[in-house]
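What follows is one structure encoded as structure tokens, with my remarks underneath.
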Amino acid sequence: MQVKLLAFGIAKEILKKKELTLHLESGTKIADLKNKLVNEYPGFHKLRSLKFAINEDYQSDEYQIKENEEVVIIPPVSGG
């Protein structure tokens, strides 16, 4: 299945692009996507927390991604 991945902040820097189309196996969960990203882009390993939103709603690691959904990487926010 195909999904659109959007990245902002440090996630965008790690991917070296803001938008990416991914081909994932049916039944892929957010936890699986996190592992895939860490394996393919080691910069993600350095982040303490990483959240994901699907179609503008935050989702847990157990959420099963569906065909053509928009996945947004929400990197940790720093600052004061």
Side-chain angles (χ1 to χ4, degrees):
M1 71 178 171
Q2 186 169 311
V3 297
K4 181 178 174 182
L5 182 70
L6 298 176
F8 300 97
I10 188 74
K12 178 179 159 187
E13 291 176 26
I14 292 169
L15 291 174
K16 298 185 178 7
K17 57 180 95 174
K18 180 180 178 182
E19 192 173 315
L20 181 66
T21 299
L22 292 175
H23 297 279
L24 303 174
E25 291 187 29
S26 180
T28 297
K29 295 179 180 180
I30 288 178
D32 302 322
L33 176 58
K34 281 183 182 178
N35 290 333
K36 177 179 176 69
L37 289 173
V38 168
N39 288 333
E40 294 181 11
Y41 301 91
F44 282 112
H45 184 70
K46 299 175 185 172
L47 301 180
R48 289 181 301 152
S49 65
L50 194 59
K51 302 285 184 194
F52 287 82
I54 306 290
N55 300 328
E56 300 183 10
D57 290 321
Y58 282 98
Q59 297 294 340
S60 72
D61 286 353
E62 297 305 312
Y63 181 86
Q64 198 168 26
I65 303 167
K66 297 167 190 69
E67 175 84 32
N68 294 320
E69 286 190 314
E70 183 178 83
V71 180
V72 179
I73 302 172
I74 312 292
V77 178
S78 62

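Everything numeric in this text was worked out from a predicted model, so none of it was measured.
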Can any side-chain N or O of [X] pair as donor or acceptor with the backbone N or O of [Y] at less than 3.5 Å?
| X | Y | answer |
| --- | --- | --- |
| N55 | E70 | yes |
| D32 | K29 | yes |
| K34 | L50 | yes |

Report yes if the side chains of [X] and [Y] come closer than 4.5 Å at any heavy-atom pair, otherwise no.
| X | Y | answer |
| --- | --- | --- |
| L22 | L33 | yes |
| K36 | N39 | no |
| L37 | F52 | yes |

Side chain to side chain contact (heavy atoms under 4.5 Å, CB included) with L20: which of K17, K18, K16?
K17

Closest heavy-atom contact between [X] and [Y]?
| X | Y | answer |
| --- | --- | --- |
| M1 | E67 | CB-OE1, 2.7 Å |
| Q64 | E69 | O-OE1, 4.3 Å |
| I73 | A11 | CG2-CB, 3.7 Å |
| I10 | L47 | CG2-CD2, 3.9 Å |

Decide if atom CD of Q2 counts as having more than 12 heavy atoms of other residues, nucleotides or ligands within a radius under 6.0 Å.
yes

So with a 6.0 Å cut-off around OH of Y58, is the heavy-atom count from everything else above 12?
no

Using the rule that two of Ile, Leu, Val, Met, Phe, Trp, Tyr join whenever any of their side-chain heavy atoms come within less than 4.5 Å, decide whether [X] and [Y] are in one cluster.
| X | Y | answer |
| --- | --- | --- |
| I14 | L6 | no |
| Y63 | V71 | yes |
| I74 | L15 | no |
| F44 | V72 | no |
| Y41 | I30 | yes |

Evaluate side-chain contact (heavy atoms from CB on, under 4.5 Å) for I54 paired with V3, printing each intermediate quantity in order.
CA-CA 10 Å; I54 306 290; V3 297; over 6 Å; no

